[in-house]
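Naming convention: chains lettered A, B, ... in sequence-line order (proteins, then strands); numbering from 1 in each chain.
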Amino acid sequence: MKKVIQQSVTLPTDYTVTPGSITTSTGKTLRTEEMIINMGPQHPSTHGVLRLELVVDGEIIVDCIPHIGYLHRCFEKHCEHMTNYQQVIPYADRMDYCSAITNEWGYVLAVEKMLGIQVPERVEYIRVIMAELQRIASHLIAVGTYGIDAGAFTPFLYCFIDREKILDLFEITCGARLLYNYIWIGGVSHDLPPQFIDQAKEFCAYFRPRIKMLNELLTYNEIFVKRTANVGILPKDVALNYAVSGPQLRASGVNWDLRRDDPYSVYHKFAWEPQIGKGEVGTVGDCWNRHMVRMREMEQSLNIIEQALASLPPGDVHAAIPKRIRPEKDVEVYVRTETPRGELGFYVISDGSTSPFRVKARGPAFVNLSVLPEIVRGAMLADLVLIAGSIDIVLGEVDR
Amino acid sequence: MTTEELLTILQGTFTDAIVGSKLSALQPWIQIAPNRTKEIGIFLRDEPSLQFNYLSCLSGVDYGNGMFGVVYHVNSTVLKHSIVLKVLIPRDNPHVQSVSAVWRTADWHEREAYDMFGIIFDEHPDLRRILLPDDWDGYPLRKDYQVQEFYHGIKVPY
Amino acid sequence: MIETVQQFILALLANELVVAVILSVLPLVFVIIYTLVVLYTEMKVAAHIQDRVAYMMTGWHGILQPIADMIKLLLKEDIIPEKADRILFRVAPYVTFAGSYAAFAVLPFTSIYIGANIHLGAFFLIASGSIVVVGILMAGWSSNNKWSLLGGLRSAAQMVSYEIPTALALVIVAMITGSLNLQEITKFQDGGIHNWLIFGGPFPLKTKLLLLPFTLITFIILFVASIAEVNRTPFDLPEAESELVQGFFTEYSGLRFAMFYLSEYANLFVVSALSVSLFLGGWSSPFGSVLSGPVWGIFWFVSKAYVLVLLQIWVRWTLPRLRVDQLMYVSWKVLTPWLFVCLLAVGAILVSVE
């Protein structure tokens, strides 16, 4: 395999890690050599099948080359070969399997925009509730596995107990617990069941103190802070240059949330705030801030859910859509939504037939991962695990 | 800033590099010359009144009529406007100038377009396959793609 | 006059060699039973901390599960990587276990039983702990796996640096008690909870109060260092799962893996027993002469050590892991200086009292 060790050209970050040399008492110079180690694809903390080729000097990382594609199944080719537009939705589910609802929503929004469909208001509310529940569930996985990365196993199970309650909510609504196929073009598959609203409110009331507890157990733990603060700092300009998105971008101090800045659905009706990294501990843009942004976003999601539940309008959950979905020829849209991981863009082109001509998915995890080599240089091997964990990649989406 | 205004600005600066545009589309786009992308990118990024600092997406497209396209969705996190740029290149000589020196995020996107379509991005620092194995035959997202029979002795079409 | 178990068995069998064999097997039986108990406890305590039930199916509340695990490990295929250094790879687990097992020779389980009543007992214990490092390094190197190597190196660095706080704590105890024999140290503290070294030792009240803060700090430091000595969270870097897969025993399977496990849990007991002997009165009853005697001695010794083990389990399932440089920082820049302070203070107090 060709080994290309990239040199960054235009970026302000530069690390001066060189293999050490020791001068002995007799005047000889001993040069220590770098070691190339292979992390993954079967490594416990690469969150799937990511392979990182690491050049290390002892435990200090000199360079890191990510190799992806182990889960590649060519989602985009699948989309072109469907017989209709709806069939793509379950495939979109499987991209980021930790937050399936937000994926389907992105794709469905793109198709609805092509067709010019206006969905009923109740549908918008249900979609917002579901997406925010999904965001909490996804962040819970991110936070929990991050605890494992740091060596704390207990928070992980606490997170999964809470996530289970969200999955129960999904289950009573649409029957599925991981991949929902819930959001359909022009509506959602099932209306909310009668007990949903009470159960969701109960969850919100239950979950707020749990966030506090998780913060006490993990976020403000002395050792955890020592491990994550000032580690893997991603400066603002580098983050933007790499088009990093989602919590990772906000942790770097960029106040950018697509739910507010490129508004879709009914997010503008609710009172909530995008959370940015404030650097209470460490530096803005480090691992701790990325973790903290997720913790705070869960609270914001709870706010949105509570407001949406309180003002859920009645009505039908299916818009009137044509029986055969057949957008006009050569219509193309790029629709982006804010998933738990960042900007998920769907670029859909139609050729006037019943199936898409081209679907390009811009996965947030894919783009967020590309910044990894830039921020791990000079860190230690143990930091790499935490930096990679703080990016919160889902390989299903990186590889598509 | 709307695409119309942007088009005027771009035409004023790069007369010959702006090949065409479609302002009536759902999301209007501007077509630029494949060998000027970097120049235009730097202008868009650094011009204080534009500040397109965020390349959302870079997609390769096979139009099926002997043309490939590369579509850039660029926007600004400061001024909150966006632009769609398009490059059309002939399929038998698919060369585009890389914009990875302008927006580093283009690095992986371009590798993906190369991987899937065989579009060659000149001046790219590290153009190799990203999602598929290095020794894979063909470019899967081309419309006429035929899958290889065997890959390392494993039957591919099932 | 029969005073100890050794003499009793010797009188019974009249053969020194047989006595030696029996006495060296006795702790092994203890270690195996103890490991099973601790395995079970660890899983149940961890489950309790994490709001789940742990294994429930094998026997009453899964009580047979550790035995089932053991059997499974023994039946597993023993895999040796092709490019491994075969001899070192095979020997390493036994060296590791021998290192931690050797320490049992000097542990005073009760007033009439100690494997080898040597005068440098505590010193021997530290020394045998170093053999574990050799075994771990052998395992890390011979596996021919870079992750194992990193794990082995980390482990060596960690155990060597944390031996210094342990040894210093030992020096403080030796200064107070005037002995390195763990049996003597325990006898020194006999006679009730107020005589334990953690509370200042059996001195007149004024001396005791002067010593108390320093012995308390020394005990806490010894406890922290002992967690690091046995490579458990927050100091489990050698086998940090999220970083180094399984550290030095990544490539091991079956019986050899079980040996590492056994030695880890044996080590866990050894360090806890050391803390108990040095600071918590060893086999002596906390209530003076009430509930004391050789048999109660075993009970007190084992249960005190068990409490410390429980404490270690609790810590393990609560805290994240330190990074390698932070680990060194804790050892060299926090624990060791504090121990020097304690050392000087204790020395000054003892001299001034005399």
Side-chain angles (χ1 to χ4, degrees), chain A residues 1-2 4-11 65-74 76-77 80 113-114 116 237-238 240-245 249 254-256 261-262 327-328 330-336 343 345-347 349 351 357-362 366-367 369-371 374 398-400, chain B residues 22 25-29 42 45 51 53-64 69 71-78 80-82 84 86 100-109 111-113 115-117 123 125-136 140-143 145 147:
Chain A
M1 185 177 291
K2 198 175 75 172
V4 187
I5 297 176
Q6 285 185 36
Q7 293 296 314
S8 70
V9 197
T10 55
L11 285 158
I65 307 163
H67 293 274
I68 59 173
Y70 288 88
L71 271 183
H72 182 58
R73 53 218 181 265
C74 218
E76 293 165 14
K77 192 80 180 170
E80 292 174 16
K113 193 162 189 181
M114 287 172 101
D237 46 349
V238 181
L240 284 170
N241 205 263
Y242 271 90
V244 164
S245 52
L249 181 66
V254 184
N255 197 344
W256 180 255
D261 293 316
D262 189 4
E328 283 166 44
D330 290 336
V331 178
E332 48 180 77
V333 288
Y334 176 76
V335 169
R336 43 195 189 147
E343 173 182 334
F346 275 101
Y347 177 50
I349 306 178
D351 58 351
F357 178 73
R358 166 98 171 96
V359 176
K360 153 94 186 182
R362 182 256 195 222
F366 176 80
V367 179
L369 181 63
S370 68
V371 81
E374 208 58 55
V398 174
D399 298 342
R400 292 187 302 275
Chain B
K22 189 176 177 187
L26 195 59
Q27 287 176 341
W29 46 265
I42 290 174
R45 186 189 67 183
Q51 297 198 34
N53 55 355
Y54 194 92
L55 175 68
S56 268
C57 187
L58 186 155
S59 345
V61 183
D62 179 2
Y63 288 105
V71 186
Y72 306 82
H73 291 91
V74 197
N75 54 69
S76 162
T77 55
V78 187
K80 302 192 176 168
H81 55 189
S82 56
V84 184
K86 228 179 228 192
S100 60
V102 188
W103 301 288
R104 279 304 299 263
T105 178
D107 185 342
W108 278 26
H109 280 302
R111 277 175 68 188
E112 194 190 333
D115 196 358
M116 294 295 157
F117 294 95
E123 299 168 36
D126 180 24
L127 197 64
R128 60 198 159 91
R129 285 192 182 267
I130 185 164
L131 292 171
L132 297 176
D134 284 3
D135 49 358
W136 192 262
L141 281 180
R142 288 187 175 186
K143 290 287 173 192
Y145 172 68
V147 84

Highest number of heavy-atom pairs under 4.5 Å with chain A: which of [options]?
options	result
B/D115, B/L132, B/N75	B/N75
B/H109, B/R129, B/E112	B/E112
B/M116, B/K80, B/K22	B/K80

Between [X] and chain A, which part of the residue has a heavy atom less than 4.5 Å away: side chain, backbone, both or neither?
X	answer
B/D62	backbone
B/I130	both
B/V71	side chain

Using heavy-atom distances under 4.5 Å, tell me whether [X] contacts chain B through its side chain, its backbone, both, or neither.
X	result
A/K360	side chain
A/L249	side chain
A/V333	both
A/V244	backbone
A/E76	both

Taking it one step at a time, do B/Y63 and A/R358 satisfy side-chain contact (heavy atoms from CB on, under 4.5 Å)?
CA-CA 9 Å; B/Y63 288 105; A/R358 166 98 171 96; over 6 Å; no
Supply the atom-to-atom distance [X] [atom1] to [Y] [atom2], rounded to the nearest 0.5 angstrom.
X	Y	atom1	atom2	value
A/I65	A/H67	CD1	NE2	5.5 Å
B/S100	B/R111	OG	CZ	11.0 Å
B/R104	A/D237	CZ	CG	13.0 Å

With chain B, which of A/I349, A/L71, A/D261, A/V367 has the greatest number of heavy-atom pairs at distances under 4.5 Å?
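Counting heavy-atom pairs under 4.5 Å, the top option is A/D261.
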Could you tell me which residues satisfy side chain to side chain donor-acceptor pair (under 3.5 Å) with B/T77, sequence neighbours excluded, listed by chain and number?
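Residues passing side chain to side chain donor-acceptor pair (under 3.5 Å) with B/T77: B/N53.
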The criterion is side chain to side chain donor-acceptor pair (under 3.5 Å); which residues satisfy it with B/E123, sequence neighbours excluded?
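B/K38, B/Q97.
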Does B/Y54 use its side chain to pair, donor to acceptor, with the backbone of A/L240 at less than 3.5 Å?
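Pair absent, no side-chain N/O of B/Y54 close to backbone of A/L240.
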So, A/Y334 versus B/Q27: side-chain donor-acceptor pair below 3.5 Å or not?
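A/Y334 vs B/Q27: no donor-acceptor pair found between side chains.
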